[in-house]
Amino acid sequence: MKLSGGSARVNALMAQMSLGEKLGQISMLADGLVETGPPGPHNPFNMIVDGRVGSLLNVWGAHLVREAQRRAVEESRLGVPLFFGLDVVHGHKSIHPVPIAEAGSFDRQLWEATARDSAIEAMADGVHMTFAPMIDVARDARWGRIVETAGEDPLVNAEFGRARVRGYQARDEKGIMRLAACAKHFCAYGAVVSGRDYAEADVSWRGLEEIYLPPFRACVDEGVAAIMPAFIDVAGMAMTGHKRLLRDMLRARWRFDGLIVSDYNAIAELINHGVAADAPEAAALALNAGVDIDMMSDAYFNGLPIALERGLVSMDEIDMAVRRVLNFKEQIGLFDDPYRNMAPSASKEEIPKTLAPERRALSRQAAQRSIVLLKNEGALLPLKAPRSLAVLGPLADAPNDQLGPWASAGDGQDAVTILAGLRETYAQADVRFAKGAPFEGRDEDELEAARKALAGADAIILCIGESRMMSGEALSRTKPEIPAGQLELARMALESGAPVVLAINSGRPLVLPDWLVEGAHAILAAWHAGTEAGPALAAILSGACNPSARLAITWPRTTGQMPLFYGLRPSGRPHDPQNTWTTGYYDCPFDPCWSFGQGLSYTRFARANLRVDRDALDLDDLVSVSVDVTNIGTCEGVETIFLFSRDPVAQVTRPMLELRDFTKVALRQGETRTVVFVVKVRDLCYLDEDRKPRLDDGAIQFHVGASARREDLERIDVVIAQG
Ligand code: GLC
């Protein structure tokens, strides 16, 4: 989106604006239908007429949005329309699986489709901008916001971000983007020390260039309308005032000409960071770094006049930010149609109470493609026709919690729970339910009820994990585990002797005790799978849907392993279980519980005939890496194939695996398909010590397979021979 320059209308408007009206345009205030940060001192609805605010967040619904817009357009001096922002992160009314789950579908088309549907629902509620996609590469499950990310891999976050931008910003019949996307949080927020939210992140320049920046570069290349800097400091530089990364790189080198919207109160918090003595200094630091909009901190409105007097900022800098905001409003059609999607007839009573069937169907499809089957001992699943099922756990009948955090306008009343989904799917069976334990703590009566419910059951469906309030912002956990009361229920279920299907409902990988991983017959990462979590899980358990999701995040055995991810560098003493003097732990196996990319199907696949179309390559060549995939099982299924590379000898140490591409292939029983990856050799370059792209002559390894686990990969080498 290009916002510099400006039309005659914008220029004429700016010429009439007072300083206060200009500062109002670059101020965004919340009016809390939902609370996403510390509440502010003001009531923004009463500040609109004075031109004190240019955009609102956390307001939706045509009747509310229309009233706010009416005040701006019909009662303020210049009638400049507002725009409205909201965190539409994984659905608006029909809620999709949390991003860390949907990322595991490894399905670019699905990621775009769910974003497009979210935009249609949010736009109908008067929302113009979503504060999404959140593409912070995350590798530490202690960090509560891991739930919002597309997991540990830069390429997956980049592709997820691209698809989201395409989906959100798809244009309507008038050619206007439905929902402006705001990629966040720029950058390296997922690298906070100890997984503690809002903490510092010490990341090397190489880590920034190779891990944390690529997803944002991808979104800028895809035309994202806005970027939100992270709350944190990276190597001592507070991101909200990071001139080198925001102005010199994002704007100048990447030529990003969209809006930079601060995070909630983040400009004022530059004072807490200790890089500004007061609001004027904080406002100057952010404005001079290129931040256009001050979300919730008042630093711009109250601090910039003083900063002007002190000579800390220029009027030109202020005008540049105001112009970008006005150009944005013009480009999304607000000057021509400020009441777009706020039809006066759309009163609260008339807004459809039920979700559109096609939205609900997509939500179910997304959930089916995001739930990961991790264990299926003795092919217990699918459960074809049990006579009786005991459905236990606090997540079995939890319509609000299954929506997960950041559920926008999602309403638990629209949700179909796991219990309801199972009862519908197994209508002929005796389906008993007991919560068995609260989310945290224990309850003897609940436990006793569960003991009765499981008696004589053919199988137990154990739904345990996290409430929606146990992951998300400001919800880091030092023990990302299943709470003790729920484990007590799990132990009771295992001791009953009935086969146990463990469905982990969470916003992050949870550390599981060995006895539970070994004792459960089947294990699924069911995540917080959204409005249709119930029918989706039931379809998988019954075999109506063959699971195809994979893990977009490594699943650790213990918290002590975190941060844990597949793309490790080799170390001078690479792990060798037979050799003490190698990297690893005295008290824990080196490998994770489950690896990036792992996930089972009800069928089986085999790979053969891994090949390249040329084995001596120059920098500007393309190379095709192909493998034949066969469905050797007993039913149709979808396999996910990953292409990794490794540069075994380079000027700097390189990760043992780097994801270069991924794809899915649907195969009928017995069918074989050739999967072909086309790689630009130049993309295999790394940055040398002088930050210059480099590729050395010699071997490059390609590893192709079903996950990052060694046993799931085959290798083929090519030779780089630059002429
Ligand atoms: C929050 C989050 C950010 C969100 C914003 C508005 O504090 O950090 O992700 O978009 O405030 O709700």
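Being a predicted model, the structure only gives us computed values, none of them experimental. First listed ligand is number 1; within each ligand, the first listed atom is number 1.
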Next item on the list: Verify the distance criterion only: is there a donor paired with an acceptor across the side chains of Asp117 and His96 at less than 3.5 Å?
Entry: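 Side chains of Asp117 and His96: no pair found under 3.5 Å.
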Just checking, [X] and [Y]: is the charged tip under 6.0 Å from the six-membered ring centre and within 45° of the axis?
{"X": "Arg139", "Y": "Phe565", "answer": "yes"}
{"X": "Arg71", "Y": "Phe45", "answer": "no"}
{"X": "Arg116", "Y": "Tyr168", "answer": "no"}

Checklist line | Evaluation steps, ring-ring contact (aromatic ring centres under 6.0 Å, His included), between Phe328 and Phe83 | finding: CA-CA 9 Å; Phe328 171 74; Phe83 79 82; 5.0 Å; yes
Note to self: One thing to verify: whether Arg142 and Asp140 come together as a salt bridge, which I'm taking to mean a side-chain N less than 4.0 angstrom from a carboxylate O.
What the structure shows: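 Between Arg142 and Asp140 there is a salt bridge, with a charged N closer than 4.0 Å to a carboxylate O.
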Sub-3.5 Å N/O-N/O distance, [X] and ligand 1:
{"X": "His185", "value": "yes"}
{"X": "Tyr264", "value": "no"}
{"X": "Thr36", "value": "yes"}
{"X": "Glu473", "value": "yes"}

Notebook entry, point to check: Distance-only, no hydrogens or angles: does the Gln25 side chain make a donor-acceptor pair with backbone N or O of Val322 under 3.5 Å?
Noted result: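 Judged by distance alone, no pair lies under 3.5 Å.
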Check: Contact between Met228 and ligand 1, counting heavy atoms under 4.0 Å?
Finding: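 Within the 4.0 Å threshold, so yes.
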Next item on the list: Using non-hydrogen atoms of the residue, decide whether Met134 is closer than 4.0 angstrom to ligand 1.
Entry: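 The answer is no: ligand 1 sits nowhere under 4.0 Å from a heavy atom of Met134.
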Which ligand 1 atoms, with their elements, are less than 4.0 angstrom from a heavy-atom of [X]?
{"X": "Phe131", "answer": "10 (O)"}
{"X": "Phe231", "answer": "7 (O), 8 (O)"}
{"X": "Leu57", "answer": "6 (C), 12 (O)"}
{"X": "Lys184", "answer": "3 (C), 4 (C), 9 (O), 10 (O)"}

Check: Which of the listed options, Val89, Asp136, Asp87, Asp263, holds the heavy atom that is closest to atom 6 (C) of ligand 1?
Finding: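 Among Val89, Asp136, Asp87, Asp263, the closest heavy atom to atom 6 (C) of ligand 1 comes from Asp87.
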Next item on the list: Apply ring-ring contact (aromatic ring centres under 6.0 Å, His included) to the pair Phe596 and Trp555, showing each step before the final yes or no.
Entry: CA-CA 7 Å; Phe596 173 89; Trp555 199 289; over 10 Å; no
Next item on the list: Of the side chain and backbone of Met296, name the one, both, or neither that has a heavy atom under 4.0 Å from an atom of ligand 1.
Entry: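 Within the 4.0 Å criterion, Met296 makes no contact with ligand 1.
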